[in-house]
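Below, all heavy atoms of this structure are taken into account, side chains as well, without hydrogens, waters or symmetry copies. Whatever order the structure lists them in is the order used to number ligands and atoms, beginning at 1.
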Amino acid sequence: MTSAVDSWRKRSWWGWGYESEQLEGEALQELVKLAGSILQLDSAPLYPPEPESVDLPQSRIRLPDSLNTICATDNFARLLHTYGCSYKDVVRSLHGIVDNPPDAVCFPRDESDIIKLLGYCSEHHIAVIPYGGGSSVVGGVEPVVDDDFNGVISLDMAYMNRVLEVDRQSRAALIEAGTLGPELEHQLKGHGMTLRHFPQSFARSTLGGWIATRAGGHFATGPTHIDDMVESVRMLTPSGVFETRRLPASGAGPSPDRMVIGSEGILGVITAAWVRTFQIPEFKATSTYLFSSFDKAIQALRYLVQSGLQPSNCRVIDPVEALINQAGDGSHAIMVVAFESAYYPVTDLVALADQCIRDHGGTPEGEHRAGGSATVWRDSFIRAPYIRDALVRFGAMLETFETAVTWDKFDRLYSSVMDTTRDVLQRLDLSPSIVTCRITHAYTDGLAPYFTVIAKAREGSELNDWNELKNAASSVIMESGGTITHHHAVGREHRRYYDIERPDLFARALGDAKRVMDPSGILNPGVLI
Ligand SMILES: Cc1cc2nc3c(=O)[nH]c(=O)nc-3n(C[C@H](O)[C@H](O)[C@H](O)COP(=O)(O)OP(=O)(O)OC[C@H]3O[C@@H](n4cnc5c(N)ncnc54)[C@H](O)[C@@H]3O)c2cc1C
């Protein structure tokens with residue numbers, strides 16, 4: 001296993017993933033040829049500034065030796081922990097706009113380091129921002145805090161990255177919170193297990209981050225939210241340890257686990273969790289269906305998820321999104337359906353689902369063309385964040401909005417978001433532009449639409465334009481009865497919409513819980529409450 005030191009130093013400080021994986025050379029030229037002609041992009045790419053050339057304010061913090069040895073204050077470390085991975089973050093980094101870097105980055109080796117840090121920061125009124133993989137797209141790790149703090153420390157969990165214990169009988173594992181997706185799966189595989197939690201950000205997000213943000217995996221159905229996988233959780237707070245009991249289920253009052261899941265770093269630092277794991281599936285089948293319209297595909301999706309067949313995946317992609325991902329020709333919506341099992345062949349389930357989908361207007365892709373749209377789409381899904389970064393360097397705007405809504409409200413929400421975003425793009429003169437939609441998750445009572453906006457950005461007003469678009473889309477999602485986020489969390493960007501969504505009494509109760517666990521209010525101030 002690569003040491004944590006090696007791995008965080010290799011990350012891209014300005015964009016997604018790892019520096020060595022960013023698109024360069026031929027791959028970049030190919031992309032620009034393909035997308036550039038449609039979006040009329042600039043011909044010369046922007047290059048991120050060298051970390052050492054970025055002028056950062058001097059660190060305001062003088063730490064005692066016991067903490068100094070586990071902290072970094074060099075430009076690369078501070079820049080890496082300034083932003084997450086949203087479009088807005090990439091634009092600011094590429095332009096060298098770095099207003100609020102952390103004063104220091106702390107890399108605890110174990111819980112005793114965290115206890116020391118929380119004690120010191122509570123005493124000296126220094127804000128602490130827990131940091132997992134830094135893949136937040138909602139400003140969750142951005143060190144924007146009130147002026148009365150004497151500094152900000154980003155607390156990076158990179159070194160706490162081990163599977164500590166495995167309970168084969170209960171098929172569960174105790175895993176440290178800083179473990180990144182690939183490290184976690186690699187270690188579990190040695191025990192014949194998988195957590196089976198694969199968000200698109202899998203390569204650069206951690207178990208602690210997933211729990212803190214209630215992350216959603218890429219399986220569209222079944223257990224896909226991390227909420228369902230958490231058996232018990234351990235969190236260090238300035239007031240002491242918060243650890244829940246390992247139980248398969250419980251009816252004992254409001255769940256203490258649920259207080260930690262989704263807490264976004266405001267109550268404490270999650271250090272480890274017992275998670276329910278799965279046996280690695282042996283039987284898998286994926287099929288793709290074509291529909292004459294997105295609307296028809298959505299209807300079929302509802303019948304399928306309400307049929308009780310429980311596919312592991314069923315995503316619907318609109319014709320334009322299928323086209324730009326090279327998974328279709330733009331004339332059909334696509335549905336990707338998958339079944340899997342560790343124990344029995346899934347052939348019968350595939351046949352039943354096939355009948356259900358055909359009955360509702362789907363045609364198996366094989367009857368249209370040979371080849372696998374599902375594979376093409378999956379590959380482009382994994383590479384998408386690198387492609388996004390490359391296009392932004394050539395002057396494109398790429399943003400996504402995601403939500404969930406009950407079936408009865410979907411039509412209204414879908415048309416309102418499409419119309420509103422198109423109106424804003426037109427008003428801002430962001431042309432050419434494309435708005436697409438795919439359904440990432442489906443439930444018996446509703447679904448999670450995910451909208452993508454791609455446009456040629458206006459040089460110099462990228463951030464203002466992004467703001468207008470984001471606010472218009474968020475407002476219309478709320479007005480149409482959706483949630484401000486199905487899986488991207490609240491952070492700083494969704495805060496004001498979250499305030500509308502949750503009951504006022506709940507906000508007060510959460511505020512009181514924070515005062516008990518974090519009396520000095522140092523943990524991720526500005527997020528959630
Ligand atoms: C390209 C891309 C694709 C994405 N796809 C998905 C997706 O498919 N599904 C999905 O759910 N999300 C997705 N996201 C959003 C993001 O990856 C998730 O929110 C993820 O769960 C964050 O994990 P992280 O380890 O990177 O946390 P960070 O970004 O480091 O932190 C996120 C929040 O959690 C808090 N936090 C982190 N670690 C801890 C800890 N140990 N204790 C307490 N608080 C902590 C932070 O303070 C912050 O508020 C995507 C993001 C990108 C950039």
CZ (R495) with more than 12 external heavy atoms under 6.0 Å: yes

Atoms of ligand 1 close to S205 [distance to a heavy atom under 4.0 angstrom, numbered from 1]: 23 (O), 24 (P), 25 (O), 26 (O)

G84 to ligand 1, any heavy atom closer than 4.0 Å: no

Minimum non-hydrogen distance to atom 37 (C) of ligand 1, winning option of G181, G132, G178, S154: G132

Subset of ligand 1 atoms that lie under 4.0 Å from at least one heavy atom of P385: 1 (C)

Min heavy-atom dist A489 to ligand 1 below 4.0 Å: no

Under-4.0 Å heavy-atom contact with ligand 1, by part of T213 that carries it: side chain

Check: H441 ring centre within less than 6.0 Å of H487 ring centre: yes

Stepwise ring-ring contact (aromatic ring centres under 6.0 Å, His included) test for F401 and Y450: CA-CA 6 Å; F401 313 108; Y450 188 101; 9.3 Å; no

Check: F107 ring centre within less than 6.0 Å of W8 ring centre: yes

Enumerated ligand 1 atoms positioned under 4.0 Å from heavy atoms of G268: 43 (C)

Per-atom contacts, ligand 1 versus R204 - under 4.0 Å to a heavy atom: 26 (O)

